[in-house]
Amino acid sequence: MAAQRSSAPSAAPALPTLGGKKSSYRERVADALRAALIAGELRAGEVYSAPTLAARFGVSATPVREAMLDLAKEGLVDTVPNKGFRVTAVSEQQLDEYTHIRALIEIPTVVELATTADAVSLEALRPAAREIVTAAAAGDLIAYVEADIRFHLGLLALAGNAHLVEVVGDLRKRSRLYGLNALVEAGRLQSSAEEHLELLDALLARDEAAVREVMTRHLGHVRGLWAAR
């Protein structure tokens, strides 16, 4: 049964700028909360109060409450009257379905980029790939998730289909990465992070077979490793 208590996340950083793309507290808090949720730092079944989360990010409770209402619309949390917000759980069947859809979309799309994306656009993603590796080395899961989202959605954007990017972005939010903490403890997050650089190198080499292999292996972590609970 889902827990019904208010609990505070451990040792959290100040509110990040998340790449400087958004300026309002509400948008920044929503992004930061979403990253913490996807990384598994806000746990399924737990109830978090707006004041508790506000203290974590160093802002007032109002933008946190508004941001959580935004996440509720996305199906990531449920409101609990007079208590806060409960992080929704994802079933094994849902994880299978989300991962299957992502594979159907992302693998062929990224493989095609090996022949269509220009080198300059691909190289522009290298800083994000390096941020992922740095975050993995530091065990900073929120930074890892934020950079990971920017990298993958930025890569897919090179295909020129905005709706595809939106669909994958939604699937990524819903599938979560429950096993990231386990990967950190097992010392396996670093190798997963380095696959982003490996993927870029394969794309720049125009090696479609290598791109397919890296993407298949990388997405396999979502279900095989990150979804392990």
Side-chain angles (χ1 to χ4, degrees), residues 16-22 31 34-35 38-40 98-177 179-180 182-184 186-227:
T17 58
L18 299 178
K21 297 179 181 179
K22 298 178 180 178
D31 274 350
R34 189 181 291 109
I38 293 172
Y98 296 152
T99 305
H100 180 61
I101 296 170
R102 284 189 59 190
L104 290 175
I105 296 173
E106 293 186 63
I107 293 175
T109 299
V110 175
V111 169
E112 186 176 357
L113 291 176
T115 58
T116 61
D118 64 88
V120 173
S121 297
L122 290 170
E123 279 292 353
L125 293 169
R126 195 172 293 276
R130 288 173 175 156
E131 284 181 44
I132 296 168
V133 174
T134 299
D140 187 339
L141 300 187
I142 293 180
Y144 183 102
V145 169
E146 197 275 324
D148 183 73
I149 290 172
R150 282 192 285 110
F151 176 87
H152 282 286
L153 297 190
L155 181 61
L156 292 173
L158 298 182
N161 188 328
H163 186 63
L164 180 150
V165 175
E166 181 181 351
V167 169
V168 173
D170 182 67
L171 289 168
R172 289 175 62 87
K173 294 172 193 172
R174 294 179 183 277
S175 60
R176 323 284 172 81
L177 305 179
L180 281 181
L183 283 180
V184 173
R188 302 171 73 180
L189 187 62
Q190 190 73 22
S191 61
S192 177
E194 290 171 355
E195 287 174 353
H196 297 83
L197 293 169
E198 184 182 354
L199 177 60
L200 271 184
D201 291 340
L203 285 165
L204 287 163
R206 308 303 179 186
D207 188 336
E208 295 180 52
V211 171
R212 183 178 299 278
E213 190 278 325
V214 176
M215 276 299 298
T216 301
R217 175 170 20 110
H218 192 65
L219 283 179
H221 295 162
V222 175
R223 191 65 187 97
L225 294 174
W226 291 351

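No experiment lies behind these values; they were computed from the predicted model shown. All residue numbers refer to positions in the sequence shown, counting from 1.
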Say you draw a straight line from CG of L104 to CG of L219; how long is it, rounded to the nearest 0.5 Å?
->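 The CG atom of L104 sits 10.5 Å away from the CG atom of L219.
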Nearest heavy-atom pair of [X] and [Y]: which atoms, and what distance?
X	Y	value
A147	I132	CB-CG1, 3.6 Å
A124	P127	O-CD, 3.3 Å
F151	L125	CD1-O, 3.7 Å
A129	L200	CB-CD1, 4.2 Å
A114	E208	CB-CG, 3.9 Å
A119	R206	N-NH2, 3.7 Å

Report the C-alpha separation of R217 and E213 in whole Å, then their side-chain angles, then the decisive distance to 0.1 Å, and conclude whether the salt bridge (Lys or Arg N to Asp or Glu O under 4.0 Å) test is met.
-> CA-CA 6 Å; R217 175 170 20 110; E213 190 278 325; 2.7 Å; yes
V168 side chain reached by T109 side chain, heavy atoms, under 4.5 Å | no
Do L153 and R172 have side-chain heavy atoms sitting under 4.5 Å apart?
->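 Side chain of L153 against side chain of R172, heavy atoms only: contact under 4.5 Å found.
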In terms of ring plane angle, is the pair H152 and H218 parallel, tilted or perpendicular, where the classes change at 30° and 60°?
->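 Judged by the thresholds at 30° and 60°, the geometry between H152 and H218 is parallel.
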Side chain to side chain contact (heavy atoms under 4.5 Å, CB included) with L122: of L158, L199, D201, only one passes, and it is L158
Apply the side chain to side chain contact (heavy atoms under 4.5 Å, CB included) test between E106 and each candidate in T216, V111, L156; give the one that qualifies.
->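 With E106 as partner, T216, V111, L156 yield a single side chain to side chain contact (heavy atoms under 4.5 Å, CB included), made by L156.
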